Each structure stands twice: as C-alpha cells, then as structure tokens.
Peer 1: 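My questions will all concern the structure given below.
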Amino acid sequence: MPIRTRRRAVPLAALTNLLELNLDSAEQFVRDLGWPRYRAQQIFRWLHRRRARDIKRMTDLSQAERARLSTIARIGRLEDCQILRSVDGTRKFLARLEDGLLVESVLIPDADRLTLCLSTQVGCTLDCGFCLTGKMGLRRNLKAHEIVDQVLTVQDHLDAGERVTNLVLMGMGEPLANLEAVSDAITRLTNASWGLGIAGRRITLSTAGLSPRLKDVAALRVNLAVSLNATTNEQRDRLMPAVNRVYPLDELLAACRNYVLLTRRRLTFEYVLLAGVNDTEQDAKRFTKLLNGMRCKVNLIPFNEFPGSPFKRPTDSAVLGFQSVLRRAGLDVFVRKSKGRDVLGACGQLGRLPGDQDPAPLTLAGASC
Ligand code: SAH
C-alpha cells in the first residue's frame, strides 16, 4: 500500500512570492535549492512573459522541481481587478494589493497607440493643489513587482487583437520618490529575454521635478517628462509647494538643460492649464523665455476637474490662445486630449479620499474580473 504523506498547509506569508524577487535574489534563491543559475531566468520568463499564476504551469522545470518549488514559493499577483470603461474607450483598472490597498492604472486607446498609465505609489507625498492623488497623502510606495503587475493584469484583460504599445509612469504617485522600485520595474519591463521586452523609447517617466534625480532617469534610458505647471517661483510655490520649495524653478530648469546635454534626448514639459491662474498671455510669454533654446516638446493639459477641486478648466479658445503663443516662439506644442474623465481616469483624477464611495457606483459600464 502506498504511504500517504499528509501535507501541512503552509501559511501564505511563509512562502516566497516569486514575483517579489529581482534577478539577483532569484539567482540566489535557486542556488540555495541547489539548482543551476539559469533556472532563475526560466522562472522569470514564466512570470513576466507568460504571466503564469501557477507554478505547475512551469513545464520547463521537472515535475519534482515544480513540486519542490510549490512547497516554498508562490506567485502573488494583484487581485479583484475591476474595470471602469469610459464612453471614449479609456479603461480604468482598480486592483487590490496584498495589504488591501487599491492600485489604479489607466488604459488609453488612441489612433495607433494603446498607452497604459501606471501608478508608482498609492497616494503621493507631494501636495500639488490641482491633483486629487495629492489630497489623499502617501499611503505607501509600490514595490517593483506591483508596478510590473499592473501591466500583467491589464494584459490579462485586453480585448481581442489589442496590444499595449506605450507605458507612461504618470498615474498615482511621484516616480522619483520611489526610484529604486521604479528602476527595478523598468528593468523587468524592458528586458527582452526574461522580461516584458518593451522598448525604453516607448516608456515615459513623468516627474513633478525632483531635480537631483533627473540624471538617474538618464541611466534608465526611458523618456522623461517634467511637470512644469508654472512660470514663476511664486506661482509654482503656490501650486506645487512640496516640490518647488525644495527644488525651485531655476534649479529644475538647470537640471533639465543638463539632462538634455547628457542624453541628447528631447525632454517633454507638461503644463496643466488652470483657468485664470496660469493660462494668461503673460504666462505663455514667460514660458517661452524659460525654455528658450532647449530641445523639448510641450504637452498642455487642460485641467481635469474632480469633486471639490478648487480650479476650473480653461475654455478651448484660451487653450488654443496659449498654444499659439508657444507655437509662434517655435516650440513643439500639443494639447493632451483629456480621456476617461467620466470614470475619473484622466490626469490628476486618480485616488480616493476617505469616505469616497466604492468604485463600483462610478462605473458607466463597469465589469469585475
Ligand atoms: N508625480 C508625477 C506623475 C503624476 S501626475 C508628475 O507630477 O509628473 C501626471 C501629470 O498629470 C502631471 O503632469 C500633472 O501635472 C498632471 N495633473 C495632475 N493633476 C491634474 C489635473 N487635475 N488635471 C490635469 N492634469 C493634472
């Protein structure tokens, strides 16, 4: 008669979450098991490229290896993903982290692109007055795998024939306040052998302007966008106090010029247009002086309102007027289409305040998955 061994249930917390390992620690992990080093890359391929949720699927490991791995490790992914669909095709994804907090990502279809906007923190340390995320404060930094998992989760739920073409780190949070996790995530997203193989030129990191860290973005070989949003220190202090009081405008612009020299890449400046606050002709003229001669392009973002927001969105003609002053000065200027506003999925609309309703009632055509 075969001997039946009773397996004791191991508490989840005692198992290593394979997704939480970076390549170095994964190599150490397999070495400790007495396995060859290349096993780490095999496992990573399953996690990232094939989005495996079950160790049993890792068929290039022997059955014995899979059984052994299952006794000490697990694959911990985001859970309870909810999708809010906007009338314009934009989709906001809300998914649960292991500690119960929600992470938000937004998928934005455009003519020939499908852009995914990722969060890097839950909430934000900064207090930009025009941004809902700033109002909720920082709950915590996301870990590298939680940033990557937003891509995996969205990929699990794409419509037939869809493929994510671009990533922007412009969701909840300030990426440069969580640089270590962000750079680890970018390694996993770009690595073409065991990672997702997304080209760095298709990834854009957006910062509120943590000047000394711009040079670190150069090393990541992704595009950089800087949220300028004001043309004088006094104005920027009012709109973005936490960042501008530490890294004032002149210091930020010097770091931007350095970045362009160092990388020879074109920088993007973002500018949220707030009616009657920073959208006048004088603002536009100061703007052109500040950026004089810099290799850059400009994205104007008409303010997206959220419940209780103190600012107003400028009229279309005010936006075009601002744009034309910049154009006349020779700048490459685009107006960002505001997508997903009906599901609070546009720039500055991510996050929830205490007492906010659960996401479901916001849904126009919500779906759980
Ligand atoms: N912390 C980073 C990334 C998150 S914000 C940063 O500041 O760049 C992403 C972009 O949305 C920034 O350019 C920000 O200025 C803009 N933004 C924030 N709130 C907005 C709102 N209510 N309407 C329009 N744009 C907004």
Side-chain angles (χ1 to χ4, degrees), residues 90 103-106 108 115-138 141-142 147 150 167-179 181-182 203-211 213-214 217 222-231 235-236 238-244 246-247 249 252 255-256 267-275 277-279 287 296-314 319 322 334-353:
T90 300
V103 62
E104 305 189 13
S105 340
V106 184
I108 310 149
T115 302
L116 178 60
C117 179
L118 301 176
S119 294
T120 54
Q121 300 179 310
V122 180
C124 187
T125 31
L126 305 180
D127 55 358
C128 306
F130 45 79
C131 179
L132 177 62
T133 310
K135 308 266 172 256
M136 68 187 276
L138 178 71
N141 280 334
L142 289 177
I147 299 172
Q150 295 171 61
L167 297 177
V168 292
L169 279 67
M170 290 187 190
M172 280 203 278
E174 167 51 45
L176 298 189
N178 185 18
L179 189 55
V182 165
I203 302 178
T204 301
L205 182 154
S206 174
T207 178
L210 274 57
S211 313
R213 300 199 183 154
L214 299 198
V217 181
V222 295
N223 304 306
L224 176 63
V226 172
S227 302
L228 194 64
N229 297 342
T231 51
Q235 199 182 38
R236 205 164 189 269
R238 255 187 291 126
L239 296 175
M240 310 171 73
V243 64
N244 201 63
V246 183
Y247 306 114
L249 201 52
L252 173 60
C256 290
L267 191 68
T268 299
F269 284 100
E270 293 163 291
Y271 192 90
V272 184
L273 283 166
L274 308 166
V277 175
N278 66 356
D279 66 341
F287 192 116
C296 65
K297 78 170 189 187
V298 179
N299 278 340
L300 299 176
I301 319 177
F303 176 63
N304 296 310
E305 298 181 10
F306 51 85
S309 61
F311 300 105
K312 290 268 163 289
R313 187 182 177 86
V319 173
F322 197 95
F334 304 89
V335 177
R336 168 117 21 111
K337 285 183 221 153
S338 301
K339 293 203 157 191
R341 283 196 285 163
D342 52 351
V343 291
L344 291 182
C347 295
Q349 295 185 315
L350 302 187
R352 285 172 339 126
L353 299 173

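Numbering of ligands and ligand atoms starts at 1, following listing order. In what follows, residues are counted from 1 in the order of the sequence shown. Values below: every heavy atom of this structure, side chains too, minus hydrogens, waters and symmetry copies. All values derive from a computational prediction rather than experimental measurement.
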Peer 1: What I want to check is whether the side chains of R313 and S338 have a donor and an acceptor closer together than 3.5 Å.
Peer 2: yes
Peer 1: If you take the centroid of each ring, where Trp contributes its six-membered ring, are F303 and F130 closer together than 6.0 Å?
Peer 2: no
Peer 1: Report the nearest protein non-hydrogen atom to atom 15 (O) of ligand 1: residue, atom name, distance rounded to 0.1 Å.
Peer 2: N229 ND2, 3.0 Å
Peer 1: In chain order, what residues pass the salt bridge (Lys or Arg N to Asp or Glu O under 4.0 Å) check against K297, with sequence neighbours excluded?
Peer 2: none
Peer 1: If we ignore angles and hydrogens, is there a donor and acceptor under 3.5 Å between the side chains of S206 and E270?
Peer 2: yes
Peer 1: Any N or O on L169 sitting closer than 3.5 Å to an N or O of ligand 1?
Peer 2: no
Peer 1: Scan side-chain atoms only and decide if N141 and Q121 contain a donor-acceptor pair under the 3.5 Å cut-off.
Peer 2: yes
Peer 1: Pick one: which of R238, R236, Q235 meets side chain to side chain donor-acceptor pair (under 3.5 Å) with N244?
Peer 2: R236
Peer 1: Among all protein heavy atoms in this structure, tell me which lies nearest to atom 21 (C) of ligand 1, with the distance rounded to 0.1 Å.
Peer 2: C347 O, 3.2 Å
Peer 1: Can you tell me which residue and heavy atom of the protein come closest to atom 10 (C) of ligand 1, and the distance to 0.1 Å?
Peer 2: E270 OE2, 4.1 Å
Peer 1: Looking only at protein heavy atoms, which one is nearest to atom 23 (N) of ligand 1, and what is the separation?
Peer 2: N304 N, 2.9 Å
Peer 1: Regarding E174 and T207, is there a side-chain donor-to-acceptor distance under 3.5 Å anywhere?
Peer 2: yes
Peer 1: Need the ligand 1 atom indices (1-based, order shown) with element for anything under 4.0 Å from a heavy-atom of I301.
Peer 2: 13 (O), 24 (C), 25 (N)
Peer 1: Which ligand 1 atoms, with their elements, are less than 4.0 angstrom from a heavy-atom of G173?
Peer 2: 1 (N), 2 (C), 3 (C), 4 (C)
Peer 1: Between S211 (side chain) and Y247 (backbone), is there a donor-acceptor pair under 3.5 Å?
Peer 2: no
Peer 1: Between ligand 1 and G171, can you find any atom pair, the residue atom being a heavy atom, that is separated by under 4.0 Å?
Peer 2: yes
Peer 1: Give me the nearest non-hydrogen protein atom to atom 12 (C) of ligand 1 as residue plus atom name, then the distance to 0.1 Å.
Peer 2: S227 OG, 3.1 Å
Peer 1: Identify, with sequence neighbours excluded, every residue that meets salt bridge (Lys or Arg N to Asp or Glu O under 4.0 Å) alongside R213.
Peer 2: none
Peer 1: Backbone or side chain, does any N or O of P302 fall under 3.5 Å from an N or O of ligand 1?
Peer 2: no
Peer 1: Could you check atom 22 (N) of ligand 1 against the protein and tell me its nearest heavy-atom contact, residue, atom and distance included?
Peer 2: F130 O, 2.7 Å
Peer 1: For atom 16 (C) of ligand 1, grab the closest protein heavy atom and report residue, atom and distance to one decimal in Å.
Peer 2: V272 CG2, 3.8 Å
Peer 1: Quick one: look up the protein heavy atom nearest atom 9 (C) of ligand 1 and list residue, atom name and how far away it is.
Peer 2: M170 O, 3.5 Å
Peer 1: Looking at ligand 1, is there an atom of it that comes within less than 4.0 Å of some heavy atom belonging to C124?
Peer 2: no
